[in-house]
K.L.:
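Got a structure here, written out as C-alpha coordinates. Questions coming.
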There are 2 protein chains.
Amino acid sequence: MVHGFTLSAPKLYGVSGGSIKKWFTSVIVNFKICASFGIYIILHAMYEIFQKYLDDKTELTQQESERIQSFAIIKKLRKRQYLLQEGDVWKYDAFITQGCVRTYTVDEKGGEHVNSFSIENWWTGDRESLMMQQPSRFNIDAIEDTELVLFTHENFEMLCREIPALNNIVNTILQRSFISAQNRIQASLTLTAEEKYLNFINKYPGFASRIPQTMIASYLGMTPETLSRIRKQTAKK
Amino acid sequence: MVHGFTLSAPKLYGVSGGSIKKWFTSVIVNFKICASFGIYIILHAMYEIFQKYLDDKTELTQQESERIQSFAIIKKLRKRQYLLQEGDVWKYDAFITQGCVRTYTVDEKGGEHVNSFSIENWWTGDRESLMMQQPSRFNIDAIEDTELVLFTHENFEMLCREIPALNNIVNTILQRSFISAQNRIQASLTLTAEEKYLNFINKYPGFASRIPQTMIASYLGMTPETLSRIRKQTAKK
DNA sequence: GTAAAAACTTGATCTGGATCAAGAGTTTGA
DNA sequence: TCAAACTCTTGATCCAGATCAAGTTTTTAC
(Lines give C-alpha, C1' and ligand atoms only; values in the text may rest on other atoms or scores of the structure.)
Protein backbone atom coordinates (compact mmCIF):
# COMPACT_ATOMS: atom_id res chain seq x y z
CA MET A 1 0.00 0.00 0.00
CA VAL A 2 1.57 3.29 -1.09
CA HIS A 3 0.34 6.63 0.12
CA GLY A 4 0.80 9.98 -1.49
CA PHE A 5 3.11 11.74 0.91
CA THR A 6 1.15 14.76 2.00
CA LEU A 7 -2.36 13.79 1.05
CA SER A 8 -2.76 10.59 2.98
CA ALA A 9 -0.70 11.51 6.03
CA PRO A 10 -2.98 11.54 9.04
CA LYS A 11 -3.90 14.90 10.50
CA LEU A 12 -2.14 15.60 13.71
CA TYR A 13 -3.55 16.94 16.89
CA GLY A 14 -2.51 17.37 20.48
CA VAL A 15 -3.55 19.26 23.56
CA SER A 16 -0.59 20.98 25.10
CA GLY A 17 2.51 22.48 23.63
CA GLY A 18 5.32 23.09 26.08
CA SER A 19 8.97 22.56 26.84
CA ILE A 20 11.34 20.71 24.58
CA LYS A 21 11.21 17.82 27.03
CA LYS A 22 7.50 17.46 26.45
CA TRP A 23 8.01 17.57 22.75
CA PHE A 24 8.04 13.90 22.02
CA THR A 25 5.03 12.86 24.07
CA SER A 26 2.56 15.68 23.70
CA VAL A 27 2.77 18.44 21.19
CA ILE A 28 0.76 20.01 18.46
CA VAL A 29 2.54 18.75 15.42
CA ASN A 30 1.48 20.94 12.57
CA PHE A 31 1.67 20.25 8.92
CA LYS A 32 5.14 21.70 8.44
CA ILE A 33 6.65 19.58 11.16
CA CYS A 34 4.83 16.60 9.79
CA ALA A 35 6.58 17.18 6.52
CA SER A 36 9.87 16.53 8.27
CA PHE A 37 10.68 13.04 7.16
CA GLY A 38 11.72 11.51 10.50
CA ILE A 39 8.54 12.54 12.24
CA TYR A 40 6.45 11.33 9.39
CA ILE A 41 7.87 7.86 9.72
CA ILE A 42 6.96 7.73 13.41
CA LEU A 43 3.41 8.98 12.91
CA HIS A 44 2.98 6.72 9.96
CA ALA A 45 3.97 3.73 12.13
CA MET A 46 1.30 4.68 14.67
CA TYR A 47 -1.41 4.82 12.11
CA GLU A 48 -0.21 1.50 10.72
CA ILE A 49 -1.30 -0.17 13.95
CA PHE A 50 -4.84 1.02 13.38
CA GLN A 51 -4.64 0.05 9.73
CA LYS A 52 -3.57 -3.43 10.76
CA TYR A 53 -6.50 -3.65 13.15
CA LEU A 54 -8.90 -2.78 10.33
CA ASP A 55 -7.24 -5.25 7.98
CA ASP A 56 -7.53 -7.99 10.59
CA LYS A 57 -11.22 -7.33 11.04
CA THR A 58 -12.36 -6.86 7.49
CA GLU A 59 -11.50 -6.45 3.84
CA LEU A 60 -11.28 -2.85 2.72
CA THR A 61 -10.42 -1.55 -0.72
CA GLN A 62 -7.38 0.69 -0.89
CA GLN A 63 -9.70 3.57 -1.64
CA GLU A 64 -11.74 2.90 1.49
CA SER A 65 -8.61 2.63 3.62
CA GLU A 66 -7.33 5.94 2.32
CA ARG A 67 -10.70 7.56 2.86
CA ILE A 68 -10.69 6.45 6.50
CA GLN A 69 -7.11 7.55 7.01
CA SER A 70 -7.87 10.98 5.60
CA PHE A 71 -10.12 11.67 8.63
CA ALA A 72 -7.82 10.19 11.27
CA ILE A 73 -6.47 12.45 14.00
CA ILE A 74 -3.40 11.26 15.84
CA LYS A 75 -3.10 12.19 19.48
CA LYS A 76 -0.53 11.52 22.16
CA LEU A 77 -1.14 11.63 25.87
CA ARG A 78 1.48 11.72 28.57
CA LYS A 79 0.94 9.68 31.69
CA ARG A 80 -1.78 11.32 33.86
CA GLN A 81 -2.93 13.56 31.03
CA TYR A 82 -6.69 13.78 30.50
CA LEU A 83 -8.44 12.60 27.37
CA LEU A 84 -11.84 13.57 28.79
CA GLN A 85 -12.83 15.49 31.90
CA GLU A 86 -16.10 15.25 33.78
CA GLY A 87 -18.52 17.88 32.51
CA ASP A 88 -17.17 17.95 28.96
CA VAL A 89 -19.10 16.46 26.07
CA TRP A 90 -17.29 13.59 24.36
CA LYS A 91 -17.27 13.91 20.59
CA TYR A 92 -14.93 11.25 19.24
CA ASP A 93 -14.45 7.66 18.33
CA ALA A 94 -11.06 6.84 19.81
CA PHE A 95 -8.80 3.87 19.15
CA ILE A 96 -5.69 3.23 21.25
CA THR A 97 -2.59 2.24 19.28
CA GLN A 98 -0.25 2.22 22.26
CA GLY A 99 -0.58 2.64 26.01
CA CYS A 100 -3.37 2.44 28.54
CA VAL A 101 -6.14 4.71 29.84
CA ARG A 102 -8.67 4.48 32.64
CA THR A 103 -12.26 5.70 32.76
CA TYR A 104 -13.47 6.69 36.23
CA THR A 105 -15.88 8.81 38.23
CA VAL A 106 -15.19 10.91 41.30
CA ASP A 107 -17.75 10.83 44.12
CA GLU A 108 -18.67 13.73 46.40
CA LYS A 109 -16.07 12.62 48.96
CA GLY A 110 -13.36 12.72 46.30
CA GLY A 111 -13.15 8.94 45.96
CA GLU A 112 -12.28 7.61 42.50
CA HIS A 113 -14.21 4.68 41.04
CA VAL A 114 -12.62 3.03 38.02
CA ASN A 115 -15.18 2.02 35.44
CA SER A 116 -12.82 0.53 32.88
CA PHE A 117 -9.31 0.19 31.55
CA SER A 118 -8.53 0.32 27.84
CA ILE A 119 -5.26 -0.67 26.23
CA GLU A 120 -3.81 -0.78 22.72
CA ASN A 121 -6.15 -2.24 20.10
CA TRP A 122 -9.21 -1.28 22.14
CA TRP A 123 -11.56 1.67 21.82
CA THR A 124 -12.26 4.18 24.53
CA GLY A 125 -14.57 7.13 25.21
CA ASP A 126 -17.96 7.80 26.79
CA ARG A 127 -20.75 6.48 24.57
CA GLU A 128 -23.46 7.95 26.76
CA SER A 129 -22.07 11.45 26.47
CA LEU A 130 -21.46 10.91 22.74
CA MET A 131 -24.94 9.57 21.97
CA MET A 132 -26.96 11.86 24.21
CA GLN A 133 -24.72 14.88 23.55
CA GLN A 134 -24.60 15.51 27.26
CA PRO A 135 -21.78 16.39 29.67
CA SER A 136 -19.87 13.31 30.74
CA ARG A 137 -19.90 11.96 34.28
CA PHE A 138 -16.57 10.30 33.56
CA ASN A 139 -12.93 11.23 33.49
CA ILE A 140 -10.55 9.45 31.17
CA ASP A 141 -6.82 9.78 31.69
CA ALA A 142 -3.64 8.00 30.67
CA ILE A 143 -2.06 5.43 32.98
CA GLU A 144 0.96 5.26 30.67
CA ASP A 145 2.12 7.47 27.82
CA THR A 146 -0.51 6.69 25.24
CA GLU A 147 -1.12 7.11 21.53
CA LEU A 148 -4.55 7.24 19.95
CA VAL A 149 -6.24 7.52 16.61
CA LEU A 150 -9.32 9.75 16.89
CA PHE A 151 -12.19 10.48 14.55
CA THR A 152 -14.79 13.13 15.24
CA HIS A 153 -18.04 11.25 15.64
CA GLU A 154 -19.55 13.21 12.78
CA ASN A 155 -16.83 12.03 10.42
CA PHE A 156 -16.89 8.52 11.77
CA GLU A 157 -20.64 8.19 11.25
CA MET A 158 -20.24 9.41 7.72
CA LEU A 159 -17.51 6.81 7.11
CA CYS A 160 -19.77 4.12 8.58
CA ARG A 161 -22.54 5.11 6.20
CA GLU A 162 -20.14 5.10 3.25
CA ILE A 163 -18.36 1.88 4.18
CA PRO A 164 -20.66 -0.91 5.38
CA ALA A 165 -17.72 -3.06 6.42
CA LEU A 166 -16.71 -0.37 8.91
CA ASN A 167 -20.25 -0.20 10.20
CA ASN A 168 -20.16 -3.95 10.79
CA ILE A 169 -16.98 -3.64 12.82
CA VAL A 170 -18.62 -1.00 15.00
CA ASN A 171 -21.62 -3.25 15.48
CA THR A 172 -19.46 -6.15 16.51
CA ILE A 173 -17.51 -4.01 18.97
CA LEU A 174 -20.74 -2.79 20.51
CA GLN A 175 -22.01 -6.32 20.93
CA ARG A 176 -18.78 -7.44 22.54
CA SER A 177 -18.74 -4.42 24.81
CA PHE A 178 -22.28 -5.15 25.90
CA ILE A 179 -21.55 -8.83 26.53
CA SER A 180 -18.47 -7.94 28.52
CA ALA A 181 -20.45 -5.42 30.61
CA GLN A 182 -23.10 -8.08 31.27
CA ASN A 183 -20.41 -10.48 32.45
CA ARG A 184 -18.97 -7.84 34.74
CA ILE A 185 -22.41 -7.25 36.29
CA GLN A 186 -22.80 -10.98 36.74
CA ALA A 187 -19.40 -11.19 38.43
CA SER A 188 -20.20 -8.31 40.76
CA LEU A 189 -23.45 -10.02 41.80
CA THR A 190 -22.08 -13.49 42.36
CA LEU A 191 -18.37 -13.45 43.25
CA THR A 192 -16.47 -12.81 46.49
CA ALA A 193 -13.61 -10.29 46.56
CA GLU A 194 -11.03 -13.04 46.06
CA GLU A 195 -12.97 -14.63 43.20
CA LYS A 196 -13.31 -11.23 41.52
CA TYR A 197 -9.55 -10.76 41.61
CA LEU A 198 -8.77 -14.24 40.32
CA ASN A 199 -11.37 -13.78 37.60
CA PHE A 200 -9.74 -10.48 36.65
CA ILE A 201 -6.17 -11.73 36.34
CA ASN A 202 -7.42 -14.77 34.48
CA LYS A 203 -9.42 -12.68 32.01
CA TYR A 204 -6.85 -9.92 31.62
CA PRO A 205 -3.40 -11.42 32.21
CA GLY A 206 -0.81 -8.73 31.84
CA PHE A 207 -3.03 -5.96 33.20
CA ALA A 208 -1.95 -6.65 36.79
CA SER A 209 1.66 -5.80 35.95
CA ARG A 210 1.02 -2.50 34.19
CA ILE A 211 -1.81 -1.01 36.24
CA PRO A 212 -1.36 0.19 39.85
CA GLN A 213 -3.08 -2.04 42.40
CA THR A 214 -5.08 0.84 43.80
CA MET A 215 -6.81 1.23 40.46
CA ILE A 216 -7.41 -2.48 40.04
CA ALA A 217 -8.94 -2.59 43.52
CA SER A 218 -11.22 0.30 42.58
CA TYR A 219 -12.21 -1.44 39.33
CA LEU A 220 -13.08 -4.58 41.29
CA GLY A 221 -15.11 -2.62 43.84
CA MET A 222 -12.87 -3.19 46.85
CA THR A 223 -10.30 -1.19 48.86
CA PRO A 224 -6.55 -1.34 48.11
CA GLU A 225 -6.00 -2.90 51.56
CA THR A 226 -8.35 -5.76 50.76
CA LEU A 227 -6.67 -6.39 47.42
CA SER A 228 -3.25 -6.34 49.05
CA ARG A 229 -4.36 -8.98 51.56
CA ILE A 230 -5.93 -11.13 48.86
CA ARG A 231 -2.73 -11.04 46.83
CA LYS A 232 -0.72 -12.06 49.85
CA GLN A 233 -3.03 -15.01 50.48
CA THR A 234 -3.22 -16.22 46.90
CA ALA A 235 0.57 -15.97 46.56
CA LYS A 236 0.91 -18.52 49.37
CA LYS A 237 -1.15 -21.15 47.59
CA MET B 1 -52.28 -0.96 5.85
CA VAL B 2 -54.11 -3.96 4.48
CA HIS B 3 -52.68 -7.44 4.73
CA GLY B 4 -53.52 -10.41 2.61
CA PHE B 5 -55.21 -12.71 5.07
CA THR B 6 -53.10 -15.80 5.01
CA LEU B 7 -49.91 -14.49 3.54
CA SER B 8 -49.09 -11.75 5.96
CA ALA B 9 -50.45 -13.34 9.12
CA PRO B 10 -47.54 -14.02 11.44
CA LYS B 11 -46.38 -17.56 11.83
CA LEU B 12 -47.34 -19.07 15.13
CA TYR B 13 -45.19 -20.99 17.48
CA GLY B 14 -45.30 -22.26 21.02
CA VAL B 15 -43.43 -24.72 23.17
CA SER B 16 -45.89 -26.96 24.92
CA GLY B 17 -49.23 -28.30 23.88
CA GLY B 18 -51.33 -29.63 26.73
CA SER B 19 -54.68 -29.51 28.44
CA ILE B 20 -57.52 -27.32 27.29
CA LYS B 21 -56.80 -25.06 30.26
CA LYS B 22 -53.38 -24.31 28.91
CA TRP B 23 -54.77 -23.65 25.51
CA PHE B 24 -55.02 -19.91 25.70
CA THR B 25 -51.63 -19.14 27.15
CA SER B 26 -49.31 -21.62 25.53
CA VAL B 27 -50.19 -23.78 22.60
CA ILE B 28 -48.95 -24.58 19.17
CA VAL B 29 -51.44 -22.71 17.08
CA ASN B 30 -51.19 -24.15 13.66
CA PHE B 31 -52.28 -22.68 10.41
CA LYS B 32 -55.79 -24.09 10.51
CA ILE B 33 -56.55 -22.64 13.92
CA CYS B 34 -55.00 -19.39 12.84
CA ALA B 35 -57.50 -19.27 10.02
CA SER B 36 -60.27 -19.12 12.59
CA PHE B 37 -61.24 -15.49 12.52
CA GLY B 38 -61.42 -14.74 16.26
CA ILE B 39 -57.94 -16.03 16.95
CA TYR B 40 -56.57 -14.16 14.00
CA ILE B 41 -57.81 -10.88 15.42
CA ILE B 42 -56.04 -11.51 18.74
CA LEU B 43 -52.75 -12.49 17.16
CA HIS B 44 -52.97 -9.63 14.75
CA ALA B 45 -53.38 -7.22 17.69
CA MET B 46 -50.22 -8.64 19.29
CA TYR B 47 -48.17 -8.14 16.20
CA GLU B 48 -49.56 -4.63 15.90
CA ILE B 49 -47.72 -3.70 19.09
CA PHE B 50 -44.44 -4.63 17.46
CA GLN B 51 -45.46 -2.89 14.26
CA LYS B 52 -46.18 0.26 16.25
CA TYR B 53 -42.75 0.00 17.89
CA LEU B 54 -41.10 -0.15 14.47
CA ASP B 55 -43.18 2.74 13.17
CA ASP B 56 -42.21 4.84 16.19
CA LYS B 57 -38.53 4.17 15.62
CA THR B 58 -38.24 4.53 11.87
CA GLU B 59 -39.95 4.93 8.53
CA LEU B 60 -40.52 1.65 6.73
CA THR B 61 -42.19 1.13 3.38
CA GLN B 62 -45.27 -1.08 3.41
CA GLN B 63 -43.27 -3.67 1.53
CA GLU B 64 -40.54 -3.68 4.17
CA SER B 65 -43.08 -3.96 6.97
CA GLU B 66 -44.72 -6.93 5.31
CA ARG B 67 -41.36 -8.54 4.69
CA ILE B 68 -40.51 -8.26 8.38
CA GLN B 69 -43.90 -9.53 9.46
CA SER B 70 -43.58 -12.55 7.20
CA PHE B 71 -40.72 -13.83 9.38
CA ALA B 72 -42.29 -13.03 12.74
CA ILE B 73 -43.02 -15.87 15.13
CA ILE B 74 -45.55 -15.19 17.87
CA LYS B 75 -45.02 -16.91 21.17
CA LYS B 76 -46.88 -16.93 24.46
CA LEU B 77 -45.43 -17.83 27.81
CA ARG B 78 -47.36 -18.59 30.97
CA LYS B 79 -46.06 -17.29 34.27
CA ARG B 80 -42.95 -19.29 35.31
CA GLN B 81 -42.54 -20.82 31.85
CA TYR B 82 -39.02 -20.80 30.42
CA LEU B 83 -38.03 -18.92 27.32
CA LEU B 84 -34.42 -20.12 27.65
CA GLN B 85 -32.79 -22.66 29.94
CA GLU B 86 -29.16 -22.76 30.99
CA GLY B 87 -27.17 -24.97 28.64
CA ASP B 88 -29.32 -24.30 25.59
CA VAL B 89 -28.07 -22.15 22.74
CA TRP B 90 -30.16 -19.02 22.19
CA LYS B 91 -31.06 -18.49 18.54
CA TYR B 92 -33.57 -15.65 18.38
CA ASP B 93 -34.15 -11.97 18.44
CA ALA B 94 -37.07 -11.58 20.81
CA PHE B 95 -39.33 -8.59 21.39
CA ILE B 96 -41.85 -8.52 24.24
CA THR B 97 -45.29 -7.17 23.33
CA GLN B 98 -46.88 -7.87 26.71
CA GLY B 99 -45.70 -9.12 30.08
CA CYS B 100 -42.38 -9.43 31.87
CA VAL B 101 -39.45 -11.86 31.94
CA ARG B 102 -36.33 -12.19 34.06
CA THR B 103 -32.84 -13.32 33.06
CA TYR B 104 -30.89 -15.04 35.83
CA THR B 105 -28.14 -17.48 36.69
CA VAL B 106 -28.16 -20.23 39.29
CA ASP B 107 -24.99 -20.72 41.38
CA GLU B 108 -23.65 -24.03 42.68
CA LYS B 109 -25.57 -23.59 45.95
CA GLY B 110 -28.82 -23.17 44.04
CA GLY B 111 -28.98 -19.41 44.60
CA GLU B 112 -30.59 -17.37 41.83
CA HIS B 113 -28.98 -14.13 40.66
CA VAL B 114 -31.19 -11.90 38.55
CA ASN B 115 -29.28 -10.26 35.74
CA SER B 116 -32.13 -8.30 34.19
CA PHE B 117 -35.85 -7.75 33.83
CA SER B 118 -37.48 -7.07 30.47
CA ILE B 119 -41.01 -5.83 29.93
CA GLU B 120 -43.23 -4.97 26.96
CA ASN B 121 -41.53 -2.91 24.25
CA TRP B 122 -38.11 -4.23 25.26
CA TRP B 123 -35.98 -6.96 23.76
CA THR B 124 -34.73 -10.02 25.61
CA GLY B 125 -32.42 -12.99 25.06
CA ASP B 126 -28.78 -13.89 25.60
CA ARG B 127 -26.54 -12.05 23.15
CA GLU B 128 -23.43 -13.90 24.27
CA SER B 129 -24.96 -17.29 23.52
CA LEU B 130 -26.39 -15.94 20.26
CA MET B 131 -23.15 -14.37 19.02
CA MET B 132 -20.75 -17.06 20.14
CA GLN B 133 -23.15 -19.91 19.36
CA GLN B 134 -22.41 -21.33 22.77
CA PRO B 135 -24.61 -22.82 25.53
CA SER B 136 -26.15 -20.11 27.67
CA ARG B 137 -25.24 -19.57 31.31
CA PHE B 138 -28.60 -17.87 31.78
CA ASN B 139 -32.18 -18.86 32.36
CA ILE B 140 -34.98 -16.67 31.12
CA ASP B 141 -38.51 -17.19 32.42
CA ALA B 142 -41.78 -15.31 32.58
CA ILE B 143 -42.70 -13.37 35.72
CA GLU B 144 -46.16 -12.75 34.26
CA ASP B 145 -48.04 -14.32 31.35
CA THR B 146 -46.04 -12.90 28.46
CA GLU B 147 -46.35 -12.46 24.71
CA LEU B 148 -43.38 -12.15 22.38
CA VAL B 149 -42.52 -11.64 18.76
CA LEU B 150 -39.53 -13.81 17.81
CA PHE B 151 -37.30 -13.94 14.77
CA THR B 152 -34.69 -16.61 14.23
CA HIS B 153 -31.38 -14.78 14.26
CA GLU B 154 -30.62 -16.03 10.76
CA ASN B 155 -33.79 -14.42 9.42
CA PHE B 156 -33.31 -11.30 11.47
CA GLU B 157 -29.77 -10.77 10.18
CA MET B 158 -31.03 -11.21 6.65
CA LEU B 159 -33.73 -8.60 7.30
CA CYS B 160 -31.13 -6.24 8.75
CA ARG B 161 -29.03 -6.61 5.64
CA GLU B 162 -32.04 -5.99 3.40
CA ILE B 163 -33.46 -3.11 5.41
CA PRO B 164 -30.85 -0.61 6.63
CA ALA B 165 -33.43 1.18 8.78
CA LEU B 166 -33.91 -2.02 10.79
CA ASN B 167 -30.16 -2.39 11.14
CA ASN B 168 -30.01 1.14 12.54
CA ILE B 169 -32.64 0.31 15.14
CA VAL B 170 -30.61 -2.70 16.25
CA ASN B 171 -27.52 -0.54 16.50
CA THR B 172 -29.31 1.99 18.63
CA ILE B 173 -30.69 -0.70 20.94
CA LEU B 174 -27.22 -2.13 21.38
CA GLN B 175 -25.79 1.25 22.25
CA ARG B 176 -28.55 1.90 24.78
CA SER B 177 -28.13 -1.55 26.27
CA PHE B 178 -24.42 -0.99 26.63
CA ILE B 179 -24.89 2.43 28.22
CA SER B 180 -27.42 1.04 30.62
CA ALA B 181 -25.08 -1.83 31.57
CA GLN B 182 -22.29 0.69 32.16
CA ASN B 183 -24.55 2.68 34.45
CA ARG B 184 -25.48 -0.42 36.37
CA ILE B 185 -21.79 -1.25 36.89
CA GLN B 186 -21.20 2.30 38.05
CA ALA B 187 -24.10 2.04 40.50
CA SER B 188 -22.86 -1.26 41.88
CA LEU B 189 -19.41 0.27 42.49
CA THR B 190 -20.52 3.50 44.10
CA LEU B 191 -23.91 3.16 45.80
CA THR B 192 -25.01 1.76 49.18
CA ALA B 193 -27.83 -0.79 49.36
CA GLU B 194 -30.38 1.94 50.10
CA GLU B 195 -29.14 4.16 47.29
CA LYS B 196 -29.29 1.23 44.87
CA TYR B 197 -32.93 0.66 45.73
CA LEU B 198 -33.90 4.33 45.46
CA ASN B 199 -32.03 4.56 42.18
CA PHE B 200 -33.92 1.50 40.92
CA ILE B 201 -37.44 2.70 41.76
CA ASN B 202 -36.57 6.10 40.38
CA LYS B 203 -35.26 4.68 37.11
CA TYR B 204 -37.94 2.01 36.72
CA PRO B 205 -41.09 3.27 38.43
CA GLY B 206 -43.80 0.65 38.09
CA PHE B 207 -41.39 -2.29 38.26
CA ALA B 208 -41.58 -2.45 42.05
CA SER B 209 -45.30 -3.18 41.92
CA ARG B 210 -45.19 -5.98 39.37
CA ILE B 211 -41.98 -7.82 40.31
CA PRO B 212 -41.61 -9.80 43.56
CA GLN B 213 -39.28 -8.14 46.07
CA THR B 214 -37.10 -11.23 46.29
CA MET B 215 -36.23 -10.83 42.63
CA ILE B 216 -35.62 -7.10 42.91
CA ALA B 217 -33.31 -7.74 45.87
CA SER B 218 -31.41 -10.27 43.80
CA TYR B 219 -31.16 -7.85 40.87
CA LEU B 220 -29.76 -5.20 43.21
CA GLY B 221 -27.25 -7.62 44.72
CA MET B 222 -28.70 -7.80 48.23
CA THR B 223 -30.76 -10.25 50.30
CA PRO B 224 -34.58 -10.02 50.52
CA GLU B 225 -34.24 -9.29 54.24
CA THR B 226 -32.06 -6.27 53.57
CA LEU B 227 -34.47 -4.95 50.95
CA SER B 228 -37.40 -5.43 53.30
CA ARG B 229 -35.65 -3.39 56.00
CA ILE B 230 -34.70 -0.66 53.54
CA ARG B 231 -38.31 -0.39 52.36
CA LYS B 232 -39.50 -0.08 55.94
CA GLN B 233 -37.01 2.69 56.62
CA THR B 234 -37.62 4.68 53.46
CA ALA B 235 -41.40 4.43 53.99
CA LYS B 236 -40.98 6.28 57.31
CA LYS B 237 -39.30 9.28 55.71
C1' DG C 1 20.98 12.79 43.67
C1' DT C 2 17.67 13.59 46.75
C1' DA C 3 13.41 15.21 48.86
C1' DA C 4 8.59 14.80 48.34
C1' DA C 5 4.89 12.27 46.88
C1' DA C 6 2.71 8.03 45.61
C1' DA C 7 1.95 3.15 46.14
C1' DC C 8 1.94 -0.84 48.87
C1' DT C 9 1.76 -3.59 53.26
C1' DT C 10 0.29 -4.96 57.77
C1' DG C 11 -2.29 -4.62 62.04
C1' DA C 12 -6.36 -3.25 64.97
C1' DT C 13 -10.98 -2.18 65.05
C1' DC C 14 -15.57 -1.34 63.18
C1' DT C 15 -19.86 -1.97 60.46
C1' DG C 16 -23.22 -2.74 56.55
C1' DG C 17 -25.32 -6.21 55.12
C1' DA C 18 -25.49 -11.51 55.37
C1' DT C 19 -27.16 -15.41 57.66
C1' DC C 20 -30.17 -17.96 60.61
C1' DA C 21 -34.66 -18.44 62.59
C1' DA C 22 -39.50 -18.04 63.15
C1' DG C 23 -43.94 -16.02 62.52
C1' DA C 24 -47.50 -13.64 59.43
C1' DG C 25 -49.59 -12.88 55.25
C1' DT C 26 -50.68 -14.34 50.24
C1' DT C 27 -51.00 -17.31 46.20
C1' DT C 28 -51.60 -21.50 44.04
C1' DG C 29 -53.60 -25.66 42.56
C1' DA C 30 -56.38 -30.04 42.99
C1' DT D 1 -62.17 -24.60 49.82
C1' DC D 2 -58.24 -25.62 52.12
C1' DA D 3 -53.54 -27.30 52.61
C1' DA D 4 -49.10 -26.55 50.69
C1' DA D 5 -46.02 -23.46 49.00
C1' DC D 6 -44.38 -19.34 48.35
C1' DT D 7 -43.43 -14.16 49.93
C1' DC D 8 -42.64 -10.78 53.18
C1' DT D 9 -41.36 -9.13 57.81
C1' DT D 10 -38.83 -8.80 62.07
C1' DG D 11 -35.33 -10.05 65.47
C1' DA D 12 -30.71 -11.94 66.94
C1' DT D 13 -26.20 -12.89 65.67
C1' DC D 14 -22.20 -13.10 62.61
C1' DC D 15 -18.61 -11.96 59.26
C1' DA D 16 -16.34 -10.18 54.85
C1' DG D 17 -14.57 -6.39 53.85
C1' DA D 18 -14.22 -1.25 55.22
C1' DT D 19 -11.93 2.09 57.86
C1' DC D 20 -8.25 4.00 60.48
C1' DA D 21 -3.43 4.16 61.44
C1' DA D 22 1.44 3.71 60.82
C1' DG D 23 5.42 1.99 58.62
C1' DT D 24 8.02 0.60 54.16
C1' DT D 25 9.12 0.73 49.40
C1' DT D 26 8.87 2.81 44.89
C1' DT D 27 8.32 6.61 41.76
C1' DT D 28 8.56 11.33 40.41
C1' DA D 29 10.47 15.80 39.64
C1' DC D 30 13.78 19.36 39.89
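Just so it is clear: chains get the letters A, B, ... in the order the sequence lines come, proteins before strands, and each one is counted from 1.
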K.L.:
Measure from the side chain of B/Ser228, starting at C-beta and using heavy atoms only, and say which of D/dT7, D/dT9, C/dC8 lies closest.
P.N.:
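Selected nucleotide (nearest to the side chain): D/dT9.
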K.L.:
Just do the side-chain contact (heavy atoms from CB on, under 4.5 Å) check on B/Asp107 and A/Thr190 with the steps written out, would you?
P.N.:
CA-CA 8 Å; B/Asp107 65 30; A/Thr190 58; 5.7 Å; no
K.L.:
Tell me whether the centres of the aromatic rings in A/Tyr204 and A/Phe117 are closer together than 6.0 Å.
P.N.:
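Ring centroids of A/Tyr204 and A/Phe117 are no less than 6.0 Å from each other.
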K.L.:
Would you give the length of the straight line joining atom CZ of B/Phe151 to atom CZ of B/Phe95, rounded to the nearest 0.5 angstrom?
P.N.:
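B/Phe151 CZ to B/Phe95 CZ: 9.5 Å, rounded to 0.5 Å.
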K.L.:
Check the distance between D/dC8's C1' and B/Gln233's CD and give it to me in whole angstrom.
P.N.:
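Rounded to whole Å, this separation is 16 Å.
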K.L.:
Anything under 30° is parallel, anything over 60° is perpendicular, the rest tilted; go ahead and classify A/Tyr219 against A/Phe200.
P.N.:
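Rings of A/Tyr219 and A/Phe200: tilted, 30 to 60°.
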K.L.:
For nucleotides 11-23 of chain C, read 5' to 3', which letter fits each nucleotide if B means a protein heavy atom sits under 4.0 Å from the base, S means only the sugar-phosphate is that close, and - means neither?
P.N.:
BB----SSBBB--
K.L.:
Return the value, rounded to whole Å, for the distance between atom NZ of A/Lys109 and atom C1' of D/dT19.
P.N.:
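Answer to the nearest Å: 12 Å.
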K.L.:
Nearest-Å distance, CD1 (B/Ile143) to C1' (C/dT27)?
P.N.:
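It works out to 16 Å between those atoms.
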K.L.:
Write down the distance between CG (B/Asp141) and C1' (D/dC6), rounded to a whole number of angstrom.
P.N.:
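Value for this atom pair: 15 Å.
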K.L.:
Any salt bridge between B/Arg80 and B/Asp141, counting N to O under 4.0 Å?
P.N.:
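A salt bridge is absent here (no side-chain N lies under 4.0 Å from a carboxylate O).
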K.L.:
Would you please say whether a donor-acceptor pair under 3.5 Å links the side chains of B/Tyr197 and B/Arg231?
P.N.:
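A donor-acceptor contact under 3.5 Å links the two side chains.
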K.L.:
In whole Å, I'd like the distance from the CZ atom of B/Arg231 to the P atom of D/dC8.
P.N.:
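One finds 8 Å between P of D/dC8 and CZ of B/Arg231, rounded.
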K.L.:
With heavy atoms under 4.0 Å as the rule, sort B/Lys196 into base, sugar-phosphate or nothing.
P.N.:
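Answer is nothing: B/Lys196 stays at 4.0 Å or more from every strand.
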K.L.:
Do we see a donor-acceptor contact under 3.5 Å between the side chains of B/Arg184 and B/Asn115?
P.N.:
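On atom types as modelled, these side chains do not qualify, holding no pair under 3.5 Å.
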K.L.:
What nucleotide among D/dC8, C/dG29, C/dC8 has an atom nearest to a side-chain atom of B/Arg80?
P.N.:
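Among the listed nucleotides, the one closest to the side chain of B/Arg80 is C/dG29.
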K.L.:
Rounded to whole Å, how long is the line connecting atom NZ of A/Lys79 with atom P of C/dA5?
P.N.:
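Distance check: A/Lys79 NZ to C/dA5 P gives 17 Å.
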K.L.:
What is the distance from CZ of A/Arg102 to C1' of C/dA7, rounded to the nearest Å?
P.N.:
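In whole Å, C/dA7 C1' lies 13 Å from A/Arg102 CZ.
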K.L.:
Would you mind reading off the distance between B/Ile211 atom CD1 and D/dC6 atom P, rounded to a whole angstrom?
P.N.:
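Value for this atom pair: 20 Å.
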